[in-house]
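I have placed the structure first, in the form of structure tokens, so that the comments after it can refer back to it.
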Amino acid sequence: MLVNPEDVYLRGNPNKGDRCSLGLAYIGAYLKKFGHQVDYFDLNHDKEEDLLKFVEENQSKFICFALNMPLKISTSDLLSSSCIGLICL
């Protein structure tokens, strides 16, 4: 599963999240090339609750977050408050 975190600095902006993470697109294409199922969540448009429900229902083994420095804190907060047993690198 590939996750683009919400850009909290653009809340209220109608153009927020107007493009997917290029890094996640590359990773997704590479994984698909080798036959892996790839699911994509963009938290600029999808709800955190929907992401967590999907992870629980599908027992996702790997979750990759696109991360840049401005979003590090909000993404860390999401992981620490919502997920148990994750290794964050």
Side-chain angles (χ1 to χ4, degrees):
M1 169 178 298
L2 306 176
V3 180
N4 190 40
E6 179 185 14
D7 192 340
V8 295
Y9 298 100
L10 294 177
R11 281 188 180 152
N13 184 332
N15 296 320
K16 142 180 124 157
D18 63 344
R19 62 190 69 87
C20 71
S21 164
L22 187 57
L24 288 181
Y26 283 137
I27 291 169
Y30 185 82
L31 292 170
K32 284 181 180 180
K33 179 179 177 180
F34 291 96
H36 296 281
Q37 177 183 335
V38 177
D39 299 299
Y40 185 83
F41 270 81
D42 186 343
L43 294 180
N44 288 298
H45 304 287
D46 301 312
K47 296 178 183 175
E48 286 180 19
E49 297 83 22
D50 295 337
L51 167 65
L52 297 173
K53 182 178 178 184
F54 185 88
V55 168
E56 185 177 315
E57 289 176 354
N58 293 282
Q59 299 179 346
S60 300
K61 294 179 182 174
F62 297 98
I63 304 171
C64 177
F65 284 81
L67 190 62
N68 58 40
M69 289 312 290
L71 300 179
K72 182 180 183 296
I73 294 172
S74 62
T75 303
S76 296
D77 290 346
L78 168 66
L79 292 174
S80 65
S81 67
S82 306
C83 302
I84 297 173
L86 289 180
I87 298 172
C88 301
L89 304 173

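Atom set for the values below is all heavy atoms of this structure, side chains included, hydrogens, waters and symmetry mates excluded.
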In this structure, CD1 of I27 is separated from OH of Y40 (nearest 0.5 Å) by 10.5 Å
Give, for atom CG of N44 and atom CG of N4, the distance between the pair rounded to the nearest 0.5 Å. 6.0 Å
For K32, side chain to side chain contact (heavy atoms under 4.5 Å, CB included) partners two or more places apart: V38
Could you work out, with side-chain hydrogen bond (donor to acceptor under 3.5 Å, both in side chains) as the rule, every residue matching Q37, not counting sequence neighbours? D39
Of L2, L24, D46, which is the lone residue that meets side chain to side chain contact (heavy atoms under 4.5 Å, CB included) with F41? D46
Non-neighbouring partners of F34 that pass side chain to side chain contact (heavy atoms under 4.5 Å, CB included), sequence neighbours left out: Y30, H36
Here the gap from L43 atom CG to D50 atom CG, rounded to the nearest 0.5 Å, amounts to 9.5 Å
